[in-house]
2 protein chains.
Amino acid sequence: MSETQPRTRIQKKNRVAILNAALDVFSQFGFRGSTLDQIAKTSGLSKPNLLYYFPSKAAIHVELLSGLMDTWLDPLRDLDPNGDPKAEILAYMRRKLEMSRTLPRESRLFANEILQGAPRMMAAIQGELKELTDEKAAVISGWMEAGKIARAHPYHLLFSIWSLTQHYADFDVQVRTVLGDLEADPFPDAETYLETLFSKLLTV
Amino acid sequence: MSETQPRTRIQKKNRVAILNAALDVFSQFGFRGSTLDQIAKTSGLSKPNLLYYFPSKAAIHVELLSGLMDTWLDPLRDLDPNGDPKAEILAYMRRKLEMSRTLPRESRLFANEILQGAPRMMAAIQGELKELTDEKAAVISGWMEAGKIARAHPYHLLFSIWSLTQHYADFDVQVRTVLGDLEADPFPDAETYLETLFSKLLTV
DNA sequence: CCTGATCCTGACCAATTGGTCAAACCTTGC
DNA sequence: GCAAGGTTTGACCAATTGGTCAGGATCAGG
């Protein structure tokens with residue numbers, strides 16, 4: 001069944017299991033590097049059974065990506081034009097960092113897609129993402145012109161928040177290896193560091 | 001021939017052509033997502049001919065990666081313990097940003113490898129990269145303790161330089177799309193922004 | 001407990017994959 | 001200009017790929 005709305009409890013359970021397994025696999029190997037057999041084995045279902053719930057490998061990927069963009073933009077949507085400028089931007093950074101901690105696979109899925117030139121996400125980037133970014137960049141520009149925070153390129157400011165926070169999900173292996181302790185949690189120190197970085201940048 | 005040293009001019013030319021094509025393909029699709037046929041077509045050689053110069057697909061990938069780590073660490077090696085602290089760190093950031101501009105495929109190849117858990121690069125990360133990072137983090141720590149620059153977590157400072165500069169290569173499509181003009185060069189503004197960011201962070 | 005719908009599987013398929021090989025084709029140095 | 005080695009290729013192979021299908025197993029409702 002290729003229906004978007006699961007009809008039975010079995011459908012609900014298995015679709016979740018498939019998407020979860022597919023997220024594991026796609027986020028690590030990208031679309032072309034992933035196979036239905038890997039997803040089947042990871043989900044515990046048979047390959048023909050995957051294709052009973054989704055019409056194709058591409059359909060599974062699209063389903064993951066289409067759900068992703070919404071989640072991805074949530075922290076930015078919450079940036080409040082009426083809040084305290086510096087506090088709002090720092091809170092946004094913290095929400096993005098929290099997403100990297102709790103949803104690292106989603107971050108990697110996104111990174112993989114962009115690395116490949118965003119073949120299946122171009123529309124969402126040109127649409128939702130660009131529109132929201134334009135809107136919030138304008139808000140930030142307003143704050144700067146009003147002298148509430150220091151001047152800086154608003155788009156590159158947003159890029160830097162994306163880059164710095166997602167780095168801790170996408171380059172997790174590198175971060176942990178360089179820090180030496182594979183088990184230790186790098187996020188507390190990262191948060192402190194990033195708070196200082198942006199606090200100094202934005203202080204007039 | 002799988003020899004590392006090309007013996008004839010034809011060998012030299014074709015090995016370069018193959019590695020160049022492989023860099024194109026691997027940097028976009030990762031190891032598993034790339035095929036010998038793609039590399040063959042991109043390089044203009046036949047598939048059996050590829051395998052005359054390299055023993056396997058994996059050997060081409062390894063050759064690219066082993067050359068990469070050295071290039072990758074060059075800018076950090078040049079960080080001079082005897083130079084002016086703030087100027088040295090800013091210059092390091094500029095060198096890294098310049099590498100993202102001139103070697104975006106290498107940056108993406110690296111990103112792809114790390115995203116997949118660094119299966120073929122773990123040794124280099126635990127070795128060369130960690131050692132050099134430890135060494136330079138100690139230098140930076142020394143500068144901070146001497147009051148030459150403001151205190152900040154030295155490792156996360158380096159992570160932030162890596163993350164911010166590589167972002168402009170790895171997420172190029174997104175950056176250009178959000179900025180609106182696909183043709184425009186985002187790097188000048190990026191450099192100005194990053195100079196401000198790190199200048200403010202490091203000023204005591 | 002029966003029947004219709006849902007769910008699942010083994011067997012299968014054509015295309016693509018990484019890789020081999022013998023034979024033919026070039027270069028190069030004498 | 002001719003051998004000897006270097007280069008290239010078409011034909012081929014076994015394994016893997018995404019996907020199909022007929023039929024059997026299981027479930028839900030009456």
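Within every chain, numbering begins at 1; the chains are lettered A, B, ... in the order of the sequence lines, protein sequences first and strands thereafter.
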**Student:** Give a yes/no verdict on a cation-pi contact between K86(A) and W143(A), requiring under 6.0 Å between NZ or CZ and the six-membered ring centre and an angle within 45° of the axis.
**Tutor:** no
**Student:** Would you check, one step at a time, whether the test side-chain hydrogen bond (donor to acceptor under 3.5 Å, both in side chains) holds for S107(A) with D170(A)?
**Tutor:** CA-CA 6 Å; S107(A) 184; D170(A) 302 345; 2.7 Å; yes
**Student:** N14(A) side chain N/O closer than 4.0 Å to the phosphate oxygens (OP1, OP2) of dC8(C)?
**Tutor:** yes
**Student:** Report yes if at least one side-chain N or O of Y53(B) is closer than 4.0 Å to OP1 or OP2 of dT8(D); otherwise report no.
**Tutor:**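 Affirmative; the distance criterion is met.
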**Student:** Any chance you could list the contact pattern along nucleotides 13-20 of chain D? Use B for base contacts, S for sugar-phosphate-only contacts and - for none, protein heavy atoms under 4.0 Å, 5' to 3'.
**Tutor:** ----SBBB
**Student:** For R101(B), give me all partners under salt bridge (charged side-chain N to carboxylate O under 4.0 Å, His left out), at least two apart in sequence or on another chain.
**Tutor:**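 Expected list: E98(B), D185(B).
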**Student:** Are the side chain of R95(B) and the backbone N or O of P75(B) linked by a donor-acceptor pair below 3.5 Å?
**Tutor:**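 Yes, R95(B) side chain to P75(B) backbone: donor-acceptor pair under 3.5 Å.
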**Student:** Going by an N to O cut-off under 4.0 Å, is there a salt bridge joining R176(A) and E183(A)?
**Tutor:**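 The answer is no: the pair does not qualify as a salt bridge.
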**Student:** Could you state the atom-to-atom distance from CG of N49(A) to C1' of dA25(D) in whole Å?
**Tutor:**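 It works out to 12 Å between those atoms.
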**Student:** Between T165(A) and S100(A), is a side-chain hydrogen bond (donor to acceptor under 3.5 Å, both in side chains) present by the stated rule, with each step listed?
**Tutor:** CA-CA 7 Å; T165(A) 54; S100(A) 280; 4.7 Å; no
**Student:** Between E191(B) and R94(B), does at least one N-O distance fall below 4.0 Å, as a salt bridge requires?
**Tutor:**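 Judged by the 4.0 Å cut-off on N to carboxylate O distance, E191(B) and R94(B) do form a salt bridge.
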**Student:** Respond yes when some side-chain nitrogen or oxygen of S46(B) is under 4.0 Å from OP1 or OP2 of dT8(D), and no when none is.
**Tutor:** no
**Student:** Name each donor-acceptor pair under 3.5 Å that joins a side chain in residues 149-157 of chain A to protein atoms two or more places apart or in another chain, with its distance.
**Tutor:**
| unit_1 | atom_1 | unit_2 | atom_2 | d |
| --- | --- | --- | --- | --- |
| H153(A) | ND1 | Y155(A) | N | 3.3 |
| H153(A) | ND1 | H156(A) | N | 3.4 |
| H153(A) | NE2 | D189(B) | OD2 | 3.4 |
| Y155(A) | OH | D134(A) | OD1 | 2.6 |
| H156(A) | ND1 | Y168(B) | OH | 2.6 |

**Student:** Any donor and acceptor pair, going by atom type alone, linking the side chain of R77(A) with main-chain N or O of D70(A) inside 3.5 Å?
**Tutor:** yes
**Student:** Under 4.0 Å between a side-chain N/O of Y52(A) and OP1 or OP2 of dC8(C), yes or no?
**Tutor:**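 Result: no.
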**Student:** If the cut-off is 4.0 Å, is Q11(B) near the phosphate of dT7(D), judged by side-chain N/O to OP1 or OP2?
**Tutor:**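 For dT7(D), OP1 or OP2 has a side-chain N or O of Q11(B) closer than 4.0 Å.
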**Student:** Donor-acceptor pair, K57(B) side chain versus S34(B) backbone, under 3.5 Å?
**Tutor:** yes
**Student:** Can you give me the bend angle of the helix from dC1(C)-dG30(D) to dC30(C)-dG1(D)? Use the axis through the first five pairs and the one through the last five, nearest 10 degrees.
**Tutor:** 20°
**Student:** Protein-nucleotides 28-30 of chain D N/O pairs closer than 3.5 Å?
**Tutor:**
| unit_1 | atom_1 | unit_2 | atom_2 | d |
| --- | --- | --- | --- | --- |
| dA28(D) | OP1 | R9(A) | NE | 3.1 |
| dA28(D) | OP1 | R9(A) | NH2 | 2.5 |

**Student:** Answer yes or no: does a side-chain N or O of T8(A) lie under 4.0 Å from OP1 or OP2 of dC27(D)?
**Tutor:**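 Indeed not, no polar side-chain atom of T8(A) lies that close.
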**Student:** When you measure from the centre of the six-membered ring of F29(B), is the NZ or CZ of R32(A) closer than 6.0 Å and no more than 45° off the axis?
**Tutor:**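 R32(A) over F29(B) ring: yes.
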**Student:** Any donor and acceptor pair, going by atom type alone, linking the side chain of K200(A) with main-chain N or O of L201(B) inside 3.5 Å?
**Tutor:** yes
**Student:** Does a side-chain heavy-atom distance below 4.5 Å link I60(A) with F26(A)?
**Tutor:** yes
**Student:** Nearest whole Å is fine: how far is dT6(C) P from K12(A) NZ?
**Tutor:**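 Nearest whole value for this atom pair: 17 Å.
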**Student:** When the distance from CG of L50(B) to C1' of dT7(D) is rounded to whole Å, what number comes out?
**Tutor:**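 Roughly 13 Å, once rounded to whole Å.
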**Student:** Say whether, by atom type as modelled, one donor and one acceptor occur between the side chain of K130(B) and the main chain of V178(A) under 3.5 angstrom.
**Tutor:** yes
**Student:** Expected output is a numbered-order residue list: members of residues 19-26 of chain B with a heavy atom under 4.0 Å from any atom of DNA chain D. What is it?
**Tutor:**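 Of all residues in residues 19-26 of chain B, none places a heavy atom under 4.0 Å from DNA chain D.
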